[in-house]
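Chain identifiers are assigned alphabetically (A, B, ...) following the order of the sequence lines, protein sequences preceding nucleic acid strands; residue numbering begins at 1 within each chain. The analysis underlying the following values was restricted to heavy atoms, covering all of them including side chains, and did not include hydrogens, waters or symmetry mates.
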There are 2 protein chains.
Amino acid sequence: MFGVMNRFLSNATNRIDSKGRVSVPAMFRAVLTQRNVQELYCLQDLVFPAISVGGPDLLERYERQIAQADPFSPEANMMSLLVHGGGVYMRLDAEGRLAVTDFIRDFTGITTEVTFVGRSDHFQLWQPQAFHEAQVAAREGRARLPVRPA
Amino acid sequence: MFGVMNRFLSNATNRIDSKGRVSVPAMFRAVLTQRNVQELYCLQDLVFPAISVGGPDLLERYERQIAQADPFSPEANMMSLLVHGGGVYMRLDAEGRLAVTDFIRDFTGITTEVTFVGRSDHFQLWQPQAFHEAQVAAREGRARLPVRPA
DNA sequence: TGGGACCATATGGGCGTCAATGGGAAGCGA
DNA sequence: TCGCTTCCCATTGACGCCCATATGGTCCCA
């Protein structure tokens, strides 16, 4: 219906309750519904201390990337280790919440709050302060990146 | 209809009400209507303490830059973190107002008033005093400082 | 040319809906 | 039985939707 709303965008911080649950932002849940995603796949980000969450397409995208690389290269080996060995399936409850497991806490440093960060075709779970610092660093570092004219 | 009305020009300062809303200047709303923009995309300016607001084309311009990089590279990852994770969707209410969220307040320093600044293909939200100072600085020729080397 | 009707914008606030959150109770496996 | 998960329902606070008022300017007409 809306051409742009079908992607994961923006960020929001929600609290973890006493049972270790946290609500996925309604906007993100709407994207999941629209894409008919029912089972979520989680894996560690390759750069940041964040957990990437998406549908089966997220896994497939990483697998294609692995397949493109030399299968005996250290890079492909490490990616496979992270993607296949570090990946976890996850479901949302009836209210659209997910359980914050130790797998997530250990890798991200999340304790009481989760920042949900849109990444277009998937979203990520961050420790709020870590996200803020990564944003500042990315903004300052951008000047050194190769800028290509439009 | 009018050739001049199809871009964002000039600036205006409006008050934030008790519910945290502020009217987008009618002239800017007219441009949005003419461009058939219904959902707004907001992003932190890369140089100034201002929030850039535009239609989907504003987002797509940044995404084209990301698409040119290796999708699994740290550079693309950081760009996506800024553009997808740092951007937010926003809608105007029936009276043409937008909600000034903490996301906007924290980055701009806006408290009680918002200065809307036209930037041709998009417009920006500024803290009035900060905008005034940036204008003075620009007149004194210091506007060249933020320009990044090619 | 001055007064007043008229209009568009900006602003204020009521109210219903929904998302986020909290917690009880039932089901299940160890 | 005990701990953990799943299902269900209650609360509340924010936001969207609606209507009312203020304010300043323009246009018309006497």
Side-chain angles (χ1 to χ4, degrees), chain A residues 1-2 4-5 8-34 38-40 42 53 88-106 110-118 123 125-126 128 131, chain B residues 1-2 4-5 8-34 37-42 51 53 88-106 110-118 123 125-126 128:
Chain A
M1 183 184 279
F2 300 109
V4 185
M5 291 276 287
F8 296 101
L9 198 62
S10 89
N11 66 83
T13 300
N14 290 339
R15 269 187 290 281
I16 300 176
D17 66 17
S18 58
K19 294 182 174 182
R21 302 171 301 184
V22 64
S23 291
V24 175
M27 185 172 294
F28 288 2
R29 297 202 312 258
V31 177
L32 291 174
T33 300
Q34 187 193 327
Q38 309 210 341
E39 53 180 9
L40 297 174
C42 310
V53 183
V88 160
Y89 280 110
M90 191 161 285
R91 295 171 48 205
L92 301 186
D93 69 10
E95 287 75 34
R97 290 179 283 199
L98 60 83
V100 182
T101 62
D102 286 341
F103 165 73
I104 295 174
R105 294 179 190 269
D106 292 343
I110 288 171
T111 57
T112 62
E113 287 189 329
V114 179
T115 296
F116 293 82
V117 179
F123 64 90
L125 313 180
W126 284 72
F131 172 64
Chain B
M1 193 176 188
F2 302 110
V4 186
M5 295 279 288
F8 300 98
L9 286 179
S10 85
N11 67 85
T13 300
N14 289 338
R15 266 187 296 279
I16 300 176
D17 67 18
S18 59
K19 295 172 77 172
R21 302 170 302 184
V22 63
S23 291
V24 174
M27 188 172 295
F28 288 0
R29 297 204 310 260
V31 177
L32 292 174
T33 299
Q34 191 210 329
V37 172
Q38 303 197 344
E39 42 186 21
L40 298 174
Y41 171 72
C42 308
I51 298 291
V53 184
V88 293
Y89 280 122
M90 196 155 283
R91 299 173 51 202
L92 302 186
D93 68 11
E95 288 74 33
R97 290 177 287 196
L98 60 83
V100 182
T101 61
D102 286 340
F103 165 73
I104 296 174
R105 295 178 190 269
D106 292 344
I110 288 172
T111 56
T112 62
E113 287 189 330
V114 179
T115 296
F116 293 81
V117 180
F123 63 89
L125 313 181
W126 284 72

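Exactly one residue among B:Val100, B:Val22, B:Ile51 makes a side-chain contact (heavy atoms from CB on, under 4.5 Å) with B:Ile110. That residue is B:Val100.
Under the side-chain hydrogen bond (donor to acceptor under 3.5 Å, both in side chains) criterion, A:Arg21 pairs with A:Asp17, not counting sequence neighbours. Qualifying side-chain hydrogen bond (donor to acceptor under 3.5 Å, both in side chains) partners for B:Asp106, counting only residues two or more places apart in sequence or in other chains: none.
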Name the atoms and distances for all side-chain donor-acceptor pairs under 3.5 Å in residues 25-33 of chain B, with sequence neighbours left out.
{"residue": "B:Arg29", "atom": "NH1", "partner": "B:Val24", "partner atom": "O", "Å": "2.8"}
{"residue": "B:Thr33", "atom": "OG1", "partner": "B:Arg29", "partner atom": "O", "Å": "3.0"}

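Applying the side-chain hydrogen bond (donor to acceptor under 3.5 Å, both in side chains) test to residues at least two apart or on different chains, the pairs with a partner in residues 94-104 of chain B are B:Asp93-B:Arg97, B:Glu95-B:Arg97.
Each of A:Asp17 and B:Pro25 lies near DNA chain C, and the nucleotide nearest B:Pro25 is the one positioned closer to the 5' end.
Heavy-atom contacts of chain B under 4.0 Å fall on DNA chain C between two terminal nucleotides, which in 5' to 3' order are C:dT9 to C:dC15.
No donor-acceptor pair under 3.5 Å is formed between the side chain of A:Asn11 and the backbone N or O of A:Phe116.
Nearest heavy atom pair, residue A:Ser23 against residue A:Asn14, reads O-ND2, 2.7 Å.
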Side chain to side chain contact (heavy atoms under 4.5 Å, CB included) assessment of B:Leu40 paired with B:Tyr89: CA-CA 6 Å; B:Leu40 298 174; B:Tyr89 280 122; over 6 Å; no

What protein N or O atoms touch nucleotides 3-7 of chain D N or O atoms at under 3.5 angstrom, if any, and at what distances?
{"residue": "D:dT6", "atom": "O4", "partner": "A:Lys19", "partner atom": "NZ", "Å": "3.2"}

